[in-house]
Engineer: 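Supplied in structure tokens, the structure appears directly below.
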Amino acid sequence: MATDRPISRRLFLRGGALVSSAILAGIPRLPWFHGPGTGDAEAAIMGIGQELRDVLNEETVNRILVEALAKGGDFADVFAEQRFRTNIVLSEGRIESVTYGYPRGAGVRVCRRNQTGYAFSDEIAYNTLLDAAHVASAVVENQSPVTPIDVTRRNLAAPFPLSLPMPLMDESRKFDVLRRMDAAARAVDPRIVSVRLEYVDEVRDILIGTSDGGYLVDRQFLVGVSCTPTAVAGTERRSGLGTIGGRVDEGYLAAVDPERVAREAARQAITLLGAGPAPAGPMPVVIGPGWGGVLVHESLGHASEGDQIRRGTSILAGQLGVRVAAPSVRIVDDGRWPYGRGSYAMDDEGTLSQRTVLVEGGVLQSYLLDKQNAGLLGLRSTGNGRRESYRKWPIPRMTNTYIDRGVADPQSLFSGIKKGFFAAQMGGGSVDSTSGNFNFAVREGYWIEDGRITKPVRSAVLIGNSLETLKRIEGVGNDLSVEHSRGTCGKDGQWVPVGVGQPTIRFSQITVGGTAI
Amino acid sequence: MATLTPQEIMDRVRTQAERSGAAEAETYLDVVTFREVRVRQREIELIQQSAIKGLGLRVYRDHRMGFMYTTDLRTPVLDEIVNRTIALAGEATPRDENKLPEEIPPPTQELEIYDPSVAGMQLADQIALARAAEENAFARDKRIQTTLDSRCGMQVNEVHFTNTFLGYQTYHATTCWLGVGAIATDGAKKREGYFGDRKRILLDLETPERVGRKSADRALAKLGAASVPSAKTPVIFESEAAGQFLNGLFGAFSGQNVLEQRSFLASSLGQAVASPLLTISDEGLMRRGLGTRPFDGEGVQTRNTLVLDRGVLKAFLNTSVSGRRMGRGSTGNANRSYDSLPAIGPTNFHVERGNTRLDKMVSEVTKGLFVTGLAGFGIDVVSGEFSQQVEGRWIEGGKLGQAVEGVTLGGRLGEMLLGIDAVGNDLEYRSNVCSPSLRFKELTIGGA
């Protein structure tokens with residue numbers, strides 16, 4: 001499941017917090033954070049994970065891991081996390097709320113074959129984590145103690161360089177972005193009756209100690225701004241969506257033109273006011289670039305995740321080397337894509353991120369794996385072991401998943417379609433990985449008539465099956481775009497930020513869920 | 001920190017906020033203990049056990065709001081947080097309606113939302129229940145050879161609350177759950193079926209026999225499913241699918257969405273917006289309800305609100321601020337945890353039981369679709385559009401037939417509500433948003 005909407009409470013991107021010198025001048029520095037707010041980027045980098053390392057140094061981590069494996073097990077890890085989140089809502093032209101959040105905690109995991117024990121605490125303290133290790137070890141029965149390898153600090157290479165990460169900017173610049181977008185969206189048309197803007201960012205420090213000797217710390221930055229204008233005419237109401245963000249810096253902000261994104265969102269709402277009924281039933285479909293990649297996320301991405309493969313419950317289990325898509329299709333999951341919402345130096349169990357080719361020439365090449373499921377399958381982790389927070393254990397997840405660039409001129413993909421559907425902008429989607437049946441919503445769609453894009457239509461879902469839909473790809477455009485400003489993926493109650501992407505793609509047939517037959 | 005009780009922590013934080021310049025301050029503290037066991041193929045696959053403790057602080061200063069939350073309850077950190085939250089409030093736009101509620105809640109009536117036998121569940125009890133449920137799925141049919149897993153969980157929530165006007169309030173609540181995802185295999189085809197139950201009281205929880213059996217039956221019913229041709233026909237949503245539909249519809253009744261012009265029902269108060277067969281209530285005081293609590297996320301007493309009375313829109317649901325802005329009061333629908341601001345959400349939101357038996361509903365349909373599950377992000381309460389991926393059975397000559405998948409349903413929410421021509425008598429409370437089965441006169445199927 002993936003959504004492009006701001007998600008509700010207790011889900012990943014809710015709340016937020018980062019401290020800025022701009023509005024908090026004169027307030028003493030928090031004892032537990034050395035970085036943003038000091039205005040000293042150098043100090044910020046030096047201090048990564050410092051607060052966590054003060055309690056969880058190499059020696060205490062070793063002792064916790066000894067306790068974790070005291071009853072046996074294949075491996076164990078300690079994971080500690082602290083986040084600063086900022087959330088600003090601007091609605092009806094006013095700053096409705098400003099929220100800072102500071103969640104922190106740590107957990108201990110013990111794994112033996114397919115079995116996992118996990119316990120966490122909101123308190124980061126040696127004794128508490130020793131207890132957690134003891135609780136987690138309860139999953140292992142009747143085994144001999146295992147001695148973990150002493151941990152050693154390892155350094156990480158950032159997946160891409162950032163100048164000043166957006167979350168570290170002065171608070172006043174964050175308010176300024178929202179106000180500019182609000183004004184730009186309103187100015188588009190008097191029928192724009194309300195605009196809601198939400199800004200969320202976070203700085204996440206993590207520390208991981210593993211029983212195979214790893215001791216790693218990292219700091220991850222993330223920001224997302226959504227602009228939702230609503231247009232009303234008579235009894236018709238439509239909303240549009242525009243987003244900016246990702247793991248981005250001030251260079252990105254200077255280049256992205258937030259006003260243009262806001263105007264585009266307002267234009268979308270206005271365009272849809274005149275929309276007629278969408279078609280129903282199977283027909284040729286063209287899907288636009290960027291967030292349209294939600295299709296590959298749902299259709300192939302989830303089914304390739306190692307937990308369902310190992311259990312044999314995915315439709316792609318045992319399909320390595322088998323044709324799953326048209327021969328022109330390459331599908332990639334890239335954990336190091338620049339600015340990607342799903343990018344990171346290491347995953348949440350300490351494996352370095354990588355670029356994994358899932359499909360080459362239409363043939364399935366690889367699965368997405370975490371340590372435990374890789375071990376059970378006799379394979380190596382692909383750096384896809386992710387967790388929502390210290391309150392959860394790692395499971396295999398996507399990072400930034402996309403269908404790679406093709407050769408077709410995007411315009412040429414419409415020619416020859418007598419009657420079809422063009423999905424210019426997509427919404428969220430979901431999949432049942434056992435059957436492979438998936439769906440994804442269309443935000444902005446049009447009829448295609450005689451090779452031309454014509455009338456806008458009301459929103460509708462598109463549906464397909466993992467083993468069929470990707471084989472129906474007839475043309476892949478040369479306009480690849482990977483969306484990094486929206487995308488939150490939910491699985492088994494855990495929500496993580498992801499990127500998706502694709503160029504313009506034409507399908508011979510997809511079923512459209514409209515009302516016109 | 002270890003020596004302070006939740007009440008002491010909150011009183012300290014609130015008093016300090018008031019002393020430091022907040023005209024009004026509210027603290028909300030969650031303490032949650034939780035354990036879940038997952039069994040798969042007769043083996044324990046996961047044991048998770050945890051304790052959560054977090055504090056949220058909301059302040060108003062000159063009608064400007066500030067909010068901050070943390071799980072770090074060390075004294076110096078809390079002191080810092082108070083200062084920052086008050087500074088933060090200076091950044092927000094003032095609003096006259098920004099005020100904390102002053103309403104004094106009545107003495108708590110007996111809601112039966114806490115069960116000591118849930119709080120006292122042992123790891124071994126949970127393992128046994130999860131194992132038994134999975135075993136019953138296997139025993140149902142030889143085509144059930146695997147499961148996604150079988151889960152048994154328990155949770156105890158303690159909520160502690162105080163604001164400048166209301167003083168200290170608290171309540172405890174328990175939840176337990178049991179569910180199985182069964183997989184039916186027929187040759188190369190696999191289909192999953194899920195059934196689960198969730199209750200406040202352990203004795204109310206479905207037995208492992210029924211949970212296992214029903215999950216197996218749901219998986220088996222999907223074998224051999226195929227698409228059907230596109231058509232406009234009558235459609236029945238079986239109760240669980242009707243509950244999913246109602247959940248998607250909830251935002252249309254949110255006062256905040258109405259204020260922001262983001263509900264297709266925004267200008268319909270007092271009008272007939274649905275079939276006279278349809279009555280919808282939000283019952284915060286329902287005995288043993290999964291959404292029941294004595295007071296909401298900002299200390300307002302919960303209550304029962306009639307939202308839709310025989311098709312007529314009677315009320316929107318509100319927090320104190322949105323209620324004041326609409327010229328009405330709060331309906332006690334402020335949902336939150338420590339880490340979020342109060343936002344409008346359901347308590348026990350449901351369609352009232354009707355009087356038609358499900359088999360009668362089916363027998364009256366010559367050709368149509370019986371929907372057991374909905375999927376997708378296609379319920380848009382702003383525009384009133386409805387488009388979903390669905391699965392279920394085909395109805396032919398008043399009887400359930402061929403299993404159906406690979407089809408969509410499309411319609412407009414306004415027309416759908418008016419077109420409901422039967423409401424089932426089969427309402428069951430397995431979620432805090434639920435509905436009996438509903439029959440719609442005509443929807444569009446997008447199929448083969």
Side-chain angles (χ1 to χ4, degrees), chain A residues 3 9-10 14-15 23-24 27 30-32 91-92 94-95 97-105 114-122 135 138-139 193-194 196 230 232 237-239 280-282 312-313 391 427-428 430 432 434-435 437 439 441 458-461 463 511-515 517, chain B residues 43-54 65-72 76-77 80 83-84 87-88 91-93 95 146 148 183 190-192 230 232 260-262 264 336-337 339-341 343 375-378 380 382-383 385 387-389 405-406 408-411 444 446-448:
Chain A
T3 175
R9 82 193 172 91
R10 278 194 276 123
R14 183 61 199 179
I23 65 160
L24 295 171
I27 292 173
L30 288 165
W32 24 258
S91 169
E92 301 167 82
R94 336 154 58 98
I95 301 290
S97 65
V98 192
T99 300
Y100 288 166
Y102 175 54
R104 73 199 294 265
N114 59 331
Q115 301 184 295
T116 302
Y118 192 68
F120 73 79
S121 168
D122 290 339
V135 170
V139 78
V193 295
S194 80
R196 183 179 178 87
T230 302
V232 175
R237 277 164 216 276
R238 300 283 179 239
S239 66
T313 54
R391 291 182 177 168
S430 69
D432 168 347
T434 305
S435 65
N437 292 329
N439 65 76
R458 296 183 203 129
S459 53
V461 296
I463 63 166
T511 299
V512 183
T515 54
I517 51 175
Chain B
E43 251 192 327
I44 297 167
E45 191 155 283
L46 178 85
I47 297 174
Q48 194 207 355
Q49 181 169 327
S50 313
I52 295 172
K53 194 190 265 186
M65 183 181 64
F67 180 73
M68 192 151 176
Y69 65 89
T70 183
T71 57
D72 192 342
V77 175
E80 188 65 28
N83 290 333
R84 283 172 185 263
L88 197 56
E91 292 303 306
T93 314
R95 195 189 265 301
T146 55
L148 289 169
I183 295 185
K190 291 188 173 126
R191 289 295 179 269
E192 65 182 68
S230 301
K232 288 183 191 287
E260 293 182 9
Q261 302 261 24
R262 298 181 51 75
F264 74 102
R336 67 176 296 184
S337 65
D339 63 355
S340 60
L341 278 166
F377 288 83
D380 183 348
V382 181
S383 64
E385 300 298 335
S387 179
Q388 294 274 280
Q389 176 192 2
E405 65 177 24
T408 60
L409 271 185
T444 306

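Order of the sequence lines sets the chain letters (A, B, ...), proteins ahead of strands, with each chain counted from 1.
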Engineer: Between B:Glu192 and A:Asp432, does a side chain to side chain contact (heavy atoms under 4.5 Å, CB included) hold up when you go through it step by step?
Structural biologist: CA-CA 8 Å; B:Glu192 65 182 68; A:Asp432 168 347; 3.2 Å; yes
Engineer: Quick check on the interface: out of B:Gly411, B:Gly406, B:Ser383, who has the most heavy-atom pairs with chain A under 4.5 Å?
Structural biologist: B:Ser383
Engineer: If we ignore hydrogens and angles and just use 3.5 Å, is the side chain of A:Gln115 paired with the main-chain N or O of B:Ile44 as donor and acceptor?
Structural biologist: yes
Engineer: Got a second to check how far A:Phe120's CZ is from B:Gln49's CD, nearest 0.5 Å?
Structural biologist: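 If we round to the nearest 0.5 Å, A:Phe120:CZ and B:Gln49:CD are 10.5 Å apart.
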Engineer: CG/A:Asp122 to OG1/B:Thr70 distance, rounded to the nearest 0.5 angstrom?
Structural biologist: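 Spacing of CG (A:Asp122) from OG1 (B:Thr70) equals 9.0 Å.
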Engineer: Are any of the side-chain nitrogens in A:Arg238 or B:Glu385 under 4.0 Å away from the carboxylate oxygens of its partner?
Structural biologist: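 Salt bridge present between A:Arg238 and B:Glu385.
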Engineer: Quick check on the interface: out of A:Thr511, A:Asn437, A:Val512, who has the most heavy-atom pairs with chain B under 4.5 Å?
Structural biologist: A:Asn437
Engineer: Is chain B contacted by the side chain of A:Val139, its backbone, both, or neither, given a heavy-atom distance below 4.5 Å?
Structural biologist: both
Engineer: Could you have a look at A:Ser239, A:Ser430, A:Gly427 and say which one has the most heavy-atom pairs with chain B under 4.5 angstrom?
Structural biologist: A:Ser239
Engineer: Is the backbone N or O of A:Ser121 less than 3.5 Å from a side-chain atom of B:Lys53, with the two atoms forming a donor-acceptor pair by type?
Structural biologist: no
Engineer: Testing the 3.5 Å rule here: is there a donor-acceptor pair between the side chains of B:Glu43 and A:Asn114?
Structural biologist: yes
Engineer: Roughly how far, to the nearest 0.5 Å, is the CD atom of B:Glu91 from the CD1 atom of A:Ile95?
Structural biologist: 8.0 Å
Engineer: Mind ranking B:Thr146, B:Val382, B:Ile52 by heavy-atom pairs under 4.5 Å with chain A and telling me who comes out on top?
Structural biologist: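 Option with the top pair count is B:Ile52.
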Engineer: If I take atom CE from residue B:Met65 and atom OG1 from residue A:Thr99, how far apart are they, to the nearest 0.5 angstrom?
Structural biologist: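 That separation rounds to 6.0 Å.
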Engineer: For the candidates A:Ala280, A:Gly117, A:Pro282, A:Ala119, which exhibits the highest count of non-hydrogen atom pairs separated by less than 4.5 Å from chain B?
Structural biologist: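 Result: the option with the highest number of such pairs is A:Pro282.
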Engineer: Taking every heavy-atom pair that is under 4.5 Å apart, which of B:Gln388, B:Lys190, B:Lys232 has the most such pairs with chain A?
Structural biologist: B:Lys190
Engineer: If I measure from the heavy atoms of chain A, does B:Ala375 come under 4.5 Å with its side chain, its backbone, both, or neither?
Structural biologist: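 Contact with chain A: backbone and side chain both.
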Engineer: Nearest 0.5 Å please: distance from the CZ atom of B:Arg84 over to the OH atom of A:Tyr100.
Structural biologist: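 These two atoms lie 7.5 Å from each other.
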Engineer: Decide whether B:Arg191 and A:Ser435 meet the rule of one side-chain donor and one side-chain acceptor closer than 3.5 Å.
Structural biologist: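 Result is no, nothing qualifies.
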Engineer: Whether the side chain of B:Gln48 engages the backbone of A:Arg391 through a donor-acceptor N/O pair (distance < 3.5 Å, no angle test) should be reported.
Structural biologist: yes
Engineer: Starting from the C-alpha separation in whole Å, work towards a yes-or-no answer on side chain to side chain contact (heavy atoms under 4.5 Å, CB included) for B:Gln261 and A:Glu92.
Structural biologist: CA-CA 10 Å; B:Gln261 302 261 24; A:Glu92 301 167 82; over 6 Å; no
Engineer: Got a second to check how far B:Asp380's CG is from A:Arg237's CZ, nearest 0.5 Å?
Structural biologist: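 Rounded to the nearest 0.5 Å, the CG-CZ separation comes out at 11.5 Å.
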Engineer: On a heavy-atom basis, which atom in A:Pro103 and which in B:Tyr69 lie closest, and how many Å separate them?
Structural biologist: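 Nearest heavy atoms, A:Pro103 then B:Tyr69: CD-CE1, 4.0 Å.
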Engineer: Between B:Asp72 and A:Arg104, does any NZ, NE, NH1 or NH2 come within less than 4.0 Å of an OD or OE carboxylate oxygen?
Structural biologist: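 Salt bridge present between A:Arg104 and B:Asp72.
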Engineer: Looking only at side chains, do B:Glu260 and A:Ser91 share a donor and an acceptor under 3.5 Å apart?
Structural biologist: yes
